[in-house]
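Take a look at the structure set out below.
These values consider heavy atoms only, across backbone and side chains, with no hydrogens, waters or symmetry-generated copies.
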Amino acid sequence: MRDSQTWTAAPSAAEHARSVLAASWSCAVTAEGGREEFVGAHTVAQDGRVTLDVPEDSTLVAAAICAPRGEPSAVLEFADVAPVPVRSRIRARLWIAGWFVPGDGRLEFKATRVVLRRPSGAVVVDLDDFAAAEPDPLATAEARLLTHLADCHPDAVERLTRLVEADSLHGAVRVQPLAVDRHGLTLRIERTRAHGDVRLPFHAPADDVARLTERMHVLLTQASAASCPRALQRQRTDRDG
């Protein structure tokens, strides 16, 4: 597969929403019968349609049968949780409103509204854009990739802070990898009473793990050539003293 010639520095809202959906293992369903949590029970079609396998005695089945056809009667909620332990681990939440269509022991969900909430705020995702978008190619591997980076290569994470402006590192007590997608790596910078995120964009998209490895090597090479931020130097002095 060749590198794409056109790309953006971050995923679109529709791509981000589809990535959250692709990586989520559980979902919460709010309907007239109440709220239920389902783990490993949903599947996602190529166009983003969600289907749930639920027990026959679930109140959700009765609610789906009794709900007026064509009218929004349920909301699916998916949480995007950072795989590496950091403050405020919920990176985003995805809500899909619509109604269920029962059939063959499964409930197919017909979406009428998709909302993605990120730290920057909530955005309504166009339904056609949502259906046409594809999840980030690293979405299902992200948890493994980030935990490996944090657990096995903390020295690399520290070296990458050389690419961060010194002001952003002022007062930092810990830096952890927060997210990665085909467009870049995001670091979470934690301070004593606050935190912030810094994004390190790749020079070209990483459409698979092999390309991601190459993009990370480029960032690390750039970091090795950069001077150590003053704020980080002060931290080292304080710890060593």
Side-chain angles (χ1 to χ4, degrees), residues 8 10-55 58-83 86-103 106-140 142-143 146 178-183 186 188 195 197 199:
T8 56
S12 68
E15 290 170 337
H16 191 174
R18 289 296 302 272
S19 296
V20 172
L21 190 58
S24 295
W25 180 244
S26 64
C27 73
V29 181
T30 301
E32 186 176 349
R35 179 183 173 91
E36 291 189 62
E37 301 276 348
F38 295 92
V39 178
H42 71 277
T43 55
V44 183
Q46 188 171 357
D47 61 0
R49 284 178 295 119
V50 178
T51 300
L52 272 179
D53 286 316
V54 299
S58 171
T59 57
L60 189 58
V61 175
I65 294 174
C66 297
R69 290 295 179 92
E71 295 184 12
S73 57
V75 176
L76 310 185
E77 180 181 342
F78 302 87
D80 177 20
V81 183
V86 292
R87 296 177 189 157
S88 303
R89 291 185 70 173
I90 303 297
R91 302 180 298 188
R93 290 188 185 275
L94 175 66
W95 289 283
I96 306 177
W99 75 92
F100 283 107
V101 177
R106 312 180 76 191
L107 297 176
E108 182 179 329
F109 198 70
K110 302 292 186 180
T112 58
R113 185 179 176 88
V114 176
V115 177
L116 177 69
R117 177 175 290 279
R118 298 181 281 196
S120 58
V123 58
V124 177
V125 181
D126 180 83
L127 291 177
D128 290 336
D129 291 345
F130 180 76
E134 294 184 1
D136 188 88
L138 303 176
T140 57
E142 184 194 27
L146 289 181
L178 176 71
V180 68
D181 55 61
R182 67 192 294 261
H183 304 289
T186 301
R188 166 64 54 83
H195 62 266
D197 300 334
R199 187 167 176 83

Evaluate the criterion side chain to side chain contact (heavy atoms under 4.5 Å, CB included) for residue pair Val115 and Val125; output intermediate values, then yes/no.
CA-CA 6 Å; Val115 177; Val125 181; over 6 Å; no
Show your reasoning for whether side chain to side chain donor-acceptor pair (under 3.5 Å) applies to Arg106 and Thr43.
CA-CA 10 Å; Arg106 312 180 76 191; Thr43 55; 3.2 Å; yes
For a side chain to side chain contact (heavy atoms under 4.5 Å, CB included) check, start with the C-alpha distance between Trp95 and Val114, then their side-chain angles and the critical distance, and finish with the verdict.
CA-CA 6 Å; Trp95 289 283; Val114 176; over 6 Å; no
I would like to know whether Arg113 and Val124 meet side chain to side chain contact (heavy atoms under 4.5 Å, CB included); could you show each step before the answer?
CA-CA 7 Å; Arg113 185 179 176 88; Val124 177; 3.3 Å; yes
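- Within the 4.5 Å cutoff, no side-chain heavy atoms of Ile96 are placed close to those of Val75.
- The backbone N or O of Ala97 lies less than 3.5 Å from a partner atom in the side chain of Thr112, making a donor-acceptor pair.
- Between Ala22 and Thr140 the shortest heavy-atom distance is O-CG2, 4.0 Å.
- Taking 4.5 Å as the limit, every side-chain heavy atom of His195 sits out of range of all side-chain heavy atoms of Val86.
- For the pair Leu178 and Ala82, the tightest heavy-atom approach, listed with the atom from each and the gap, is CD1-CB, 3.9 Å.
- Atom CG of Asp181 and atom NE2 of His183 lie 6.0 Å apart (nearest 0.5 Å).
- Screening Thr30, Leu52, Leu60 for a side chain to side chain contact (heavy atoms under 4.5 Å, CB included) with Glu36, the sole residue that qualifies is Leu60.
- Aromatic rings of Phe109 and His42 (six-membered ring for Trp) have centroids beyond the 6.0 Å cut-off, not under it.
- For the pairing with Asp80, the salt bridge (Lys or Arg N to Asp or Glu O under 4.0 Å) check across Arg91, Arg118, Arg93 returns one residue only, Arg91.
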Side chain to side chain contact (heavy atoms under 4.5 Å, CB included) between Val101 and Leu107: does it pass, once the steps are laid out?
CA-CA 6 Å; Val101 177; Leu107 297 176; over 6 Å; no
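- Atoms OG and CD, from Ser24 and Glu77 in turn, are 10.0 Å apart once rounded to the nearest 0.5 Å.
- Ala28 approaches Arg35 most closely through the heavy-atom pair CB-NH2, 3.3 Å.
- For the pair Pro83 and Leu146, the tightest heavy-atom approach, listed with the atom from each and the gap, is CG-CD1, 3.8 Å.
- No donor-acceptor distance shorter than 3.5 angstrom exists from the side chain of Arg49 to the backbone of Val44, with no hydrogens or angles considered.
- There is a side-chain donor-acceptor pair under 3.5 Å between Thr186 and Arg199.
- To the nearest 0.5 Å, atoms CZ (Phe100) and OG (Ser73) are separated by 8.0 Å.
- Geometric assessment of Arg18 against the ring of Phe130 yields a positive cation-pi assignment under the 6.0 Å and 45° thresholds.
- The structure places CD of Glu15 at 7.0 Å from CZ of Arg182, a figure rounded to the nearest 0.5 Å.
- Within 6.0 Å of CD in Gln46 there are 12 or fewer heavy atoms belonging to other residues, nucleotides or ligands.
- The nearest pair of heavy atoms linking Ala79 to Ile90 is CB-CD1, 4.2 Å.
- Of the inter-residue distances, the one linking Cys27 atom SG with Glu37 atom CD reads 8.0 Å to the nearest 0.5 angstrom.
- Heavy-atom minimum distance, Leu127 versus Ala111: CD1-O, 4.0 Å.
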